[in-house]
Amino acid sequence: MNLHSQTTSSSSNSLFALVDVNNFYVSCERVFQPKLEDVPMVVLSNNDGCAVARSAEVKALGVKMGTPWFQMKDLAKKHGILAQSSNYTLYGDMSSRVVQVLRTFTPNLEAYSIDESFLQIETVLKQYQDTIELGQKIKQQVKDTTGLPVCVGIGASKTLAKLANHLAKKHKQFAGVCDVNAMAKEELYQWMSETEVGEVWGVGKQIAKKLKAQNIQSVFDLLQASPQAMRQQFGVVMERLCYELRGTSCLQLEEVAPAKQQIIASRSFGKPVTSQAELAQSVATHVARAAEKLRAQNSTTGALTVFIQTNPFKQNEPQHHQSVTIPLADPTDNTLTLTNAALAGLKQIYQASFRYKKAGVILNLIGDKPTAQQSLFDDIETKGKSAHLMKAVDEINTRFGNAAIRSAASGTNSTKQEWQMRSNNRSPNYTTRWDELPVAR
DNA sequence: TCTGGGGTCCTAGGACCC
DNA sequence: TCTGGGGTCCTAGGACCC
């Protein structure tokens with residue numbers, strides 16, 4: 001159907017910059033409390049559970065991301081490490097300010113995460129002597145406008161830009177800006193052989209372990225591995241990654257964020273919870289937050305999952321991790337409707353004997369009809385029997401996938417049917433096939 | 001005593017269809 | 001003993017990211 005969906009686009013002359021704020025949460029706190037500059041510090045997760053950001057001084061002490069605060073208290077005392085509770089509203093606001101500054105350089109920007117953006121810079125370059133000058137300018141501009149320190153990595157693919165950014169952060173001689181594209185091959189290979197394979201974007205703990213077992217230790221080793229062989233062992237994502245490392249860009253800039261497929265709202269409890277009433281209260285809160293996010297992206301949801309779980313770290317206590325998915329007759333964004341569904345679900349899975357440590361809800365948006373999708377459906381209806389139909393269906397396919405086509409082709413009940421089908425664990429019997437489309441021929 | 005909260009994509013395998 | 005072939009769609013789970 002869509003021949004292009006599996007292929008990857010490549011262009012030999014793309015150039016990406018990755019701009020990443022250093023120790024983002026810590027840096028945000030320091031902007032508003034300058035006295036914290038140079039103070040070794042961490043920012044803590046909810047309930048002040050564990051460190052989600054560490055200042056350079058703390059990283060130097062070997063404290064890992066996600067270390068529980070109680071485990072590092074001794075170290076903290078010894079080195080005067082300061083802990084801050086997190087303030088996500090503040091970080092979100094600072095994040096958009098940074099993006100705003102970056103947009104003044106180019107509109108071809110992907111806000112990849114709260115503290116990172118990819119920029120496509122081939123066309124911007126003309127105005128600068130070289131990439132390093134551009135990088136320095138970006139760095140200076142962000143610092144002057146927001147007070148936040150950033151590093152800039154540049155490369156021919158997103159993966160290489162990531163790697164460059166890593167080098168810029170880690171090695172002082174780059175002064176915060178590193179372009180692996182402009183480097184002599186020998187120098188790049190030198191850096192690559194000094195960098196552990198686990199640093200590559202997309203190579204996590206598990207894969208790094210397996211790679212090392214076959215003596216692929218460094219980024220350079222991976223560069224030399226055959227992409228086909230890597231695909232055989234680890235799948236298509238890994239193959240793509242190999243090409244990216246070789247400078248063939250396979251991952252495009254995603255300037256407009258695709259609509260979410262899933263919205264999660266969950267929290268750990270400070271203390272274990274045993275009563276259903278207490279769980280119900282937190283579940284209701286989570287539903288309200290999730291529904292807000294849902295409306296913010298102009299969607300409705302066709303199903304809702306509630307889950308509760310015990311403390312997985314308490315291995316000597318009885319464990320319980322239960323969830324239930326509730327299909328909704330009509331897709332909705334109504335908080336009250338969703339709350340009722342969630343509480344009914346909670347009732348089903350709750351067991352009084354357990355000490356619960358976490359509760360949450362997941363809105364599953366597959367089967368919903370966001371605004372953009374709806375307009376395409378309208379297109380089919382109005383253009384009816386013409387070639388436009390196939391074109392519109394094709395466009396829906398590329399943009400929204402098969403689920404959307406089924407919805408489009410089989411009418412307004414499709415969502416309901418789809419969820420009934422899911423919950424009964426049956427395959428659909430209403431799937432409309434290409435050759436059955438009512439008006440195509 | 002105390003251990004975050006989001007997300008995505010891919011694959012394997014089963015059910016089902018013709 | 002033999003036991004189609006080609007395909008879709010779903011779920012669960014694994015791996016990854018920040």
Side-chain angles (χ1 to χ4, degrees), chain A residues 1 5-6 18 20-21 23-25 42-53 64-73 83 85-86 88 91-92 95 111-117 158-159 162 198-210 231 233-241 251 254 257-272 286 289-290 293 305 307 309-315 323 325 355 357-367 401-403 405-406 418-436:
Chain A
M1 241 173 311
S5 62
Q6 289 305 311
L18 176 66
D20 186 322
V21 182
N23 325 318
F24 183 55
Y25 297 167
V42 295
V43 173
L44 298 178
S45 65
N46 265 335
N47 301 320
D48 292 341
C50 46
V52 290
K64 296 264 184 295
M65 174 74 171
T67 305
W69 175 233
F70 75 87
Q71 274 178 16
M72 53 184 286
K73 272 202 173 144
S85 297
S86 39
Y88 294 103
Y91 310 146
S95 175
Y112 172 70
S113 76
I114 193 161
D115 71 329
E116 287 169 80
S117 290
K158 282 177 157 184
T159 305
K162 268 275 199 183
E199 296 293 344
V200 175
W201 189 35
V203 176
K205 257 189 167 164
Q206 304 299 318
I207 292 178
K209 202 172 146 194
K210 286 179 192 161
R231 181 189 185 133
Q233 268 190 76
F234 301 102
V236 61
V237 178
M238 190 68 176
E239 184 193 25
R240 220 176 274 153
L241 195 154
L251 304 168
E254 298 210 13
K260 295 247 186 301
Q261 302 180 40
Q262 194 175 69
I263 291 171
I264 304 179
S266 72
R267 285 285 180 278
S268 298
F269 302 117
K271 282 179 185 164
H286 300 327
R289 269 190 304 128
K293 293 189 201 174
T305 302
F307 69 88
Q309 67 187 67
T310 51
N311 188 341
F313 295 100
K314 299 250 178 195
Q315 288 298 340
S323 72
T325 299
R355 291 155 54 83
K357 198 69 209 295
K358 186 173 183 178
V361 298
I362 304 171
L363 304 184
N364 204 327
L365 274 58
I366 294 167
N402 281 326
I405 295 183
R406 284 204 310 281
E418 193 161 339
W419 281 109
Q420 263 166 11
M421 178 270 299
R422 281 185 179 219
S423 55
N424 297 345
N425 202 10
R426 282 190 281 108
S427 280
N429 55 14
Y430 57 88
T431 304
T432 304
R433 301 157 54 92
W434 290 98
D435 51 358
E436 289 170 359

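Below, read A as the first sequence line, B as the second, and so on, with proteins coming before strands; counting in each chain starts at 1.
Taking only side-chain nitrogens and oxygens, A:R240 never comes nearer than 4.0 Å to OP1 or OP2 of B:dC9. For B:dG5, neither phosphate oxygen OP1 nor OP2 lies less than 4.0 angstrom from any side-chain nitrogen or oxygen of A:K293. Listed pair A:K162 / C:dC17 fails the phosphate criterion, with no side-chain N or O lying under 4.0 Å from OP1 or OP2. Taking 4.0 angstrom as the limit, A:S113 places none of its side-chain polar atoms (N or O) nearer than this to OP1 or OP2 of C:dC17. Distances shown here put every side-chain N or O of A:R289 at or beyond 4.0 Å from the OP1 or OP2 atom of B:dG5. The side chain of A:S266 places no N or O atom within less than 4.0 Å of a non-bridging phosphate oxygen (OP1 or OP2) of B:dG4.
The nucleotide whose nearest atom lies closest to any side-chain atom of A:R267 is, among B:dG4, B:dG5, B:dG7, B:dG5. Taking only side-chain atoms of A:Q261, from C-beta outward, the nucleotide of B:dG5, B:dT8, B:dC2 with the closest atom is B:dT8. Ranking B:dC9, B:dG5, B:dC10 by closeness to the A:V237 side chain, first place goes to B:dC10. The A:A265 side chain lies nearest to B:dG6 when the options are B:dC10, B:dG4, B:dG6. Listed candidates were C:dA15, B:dC10, C:dC18. Nearest to the side chain of A:K210 is C:dA15. Across B:dG6, C:dC17, B:dT11, the shortest atom-to-atom separation from the side chain of A:I264 is found for B:dG6.
Rounded to the nearest 0.5 Å, atoms NZ (A:K293) and CD1 (A:I264) are 8.0 Å apart. The distance from the CG atom of A:L44 to the OG atom of A:S85 is 6.0 Å, given to the nearest 0.5 Å. Residue A:S323 holds its OG atom at 7.0 Å from CD1 of A:I362, rounded to the nearest 0.5 Å. Note that OG of A:S266 and NZ of A:K358 are 4.0 Å apart. Values are rounded to the nearest 0.5 Å. Between the SG atom in A:C50 and the NZ atom in A:K64 there is a gap of 15.0 Å [rounded to 0.5 Å].
Residue-level contact check: A:V21 touches neither bases nor backbone, having no heavy atom under 4.0 Å from any strand. Within the 4.0 angstrom heavy-atom criterion, no nucleotide atom of any strand lies near A:I114. When heavy atoms are screened at a 4.0 angstrom cut-off, A:L44 is found touching no nucleic acid atom at all. Residue A:K73 is out of contact with every strand shown, counting any heavy-atom pair closer than 4.0 Å. Within the 4.0 angstrom heavy-atom criterion, no nucleotide atom of any strand lies near A:K271. Residue-level contact check: A:Q206 touches the backbone only, with heavy atoms under 4.0 Å from sugar-phosphate atoms and none from bases. Counting non-hydrogen atoms under 4.0 angstrom, A:Y112 reaches the backbone sugars and phosphates but no base.
Rounded to whole Å, atom C1' of B:dG4 lies 11 Å from atom CG of A:D48. Between A:E199 atom CD and C:dC17 atom P the separation is 10 Å, expressed in whole Å. Between the CG atom of A:D115 and the P atom of B:dG7 there is a distance of 17 Å, given to the nearest Å. Rounded to an integer number of Å, the gap from A:Q262 CD to C:dG13 P is 15 Å. Taking atom CG of residue A:N46 and atom P of nucleotide B:dG4, one finds them 9 Å apart after rounding to whole Å. Between the C1' atom of B:dG4 and the CH2 atom of A:W69 lies a distance of 16 Å, rounded to the nearest Å. What separates NZ of A:K260 from P of B:dG7 is a distance of 6 Å, to the nearest Å. A:K205 places its NZ atom 15 Å from the C1' atom of C:dG14, with the value rounded to the nearest Å.
Remark: C:dG13 base-pairs with B:dC10; criterion is Watson-Crick or G-U wobble with both hydrogen-bond distances under 3.5 Å.
Distance check on atom C1': C:dG4 versus B:dC16 gives 16 Å, rounded to whole Å.
Nearer the 5' end of DNA chain B, as judged by each residue's closest nucleotide, is the contact made by A:P68, out of A:G235 and A:P68. Take the nearest nucleotide of DNA chain B for A:G66 and for A:H286: the residue whose nucleotide is more 5' is A:G66.
The shortest distance between side-chain heavy atoms of A:N311 and A:R355 does not fall below 4.5 Å.
Using bins of under 30°, 30° to 60° and over 60° for the plane-to-plane angle, the ring pair A:Y25/A:Y88 lands in the perpendicular bin.
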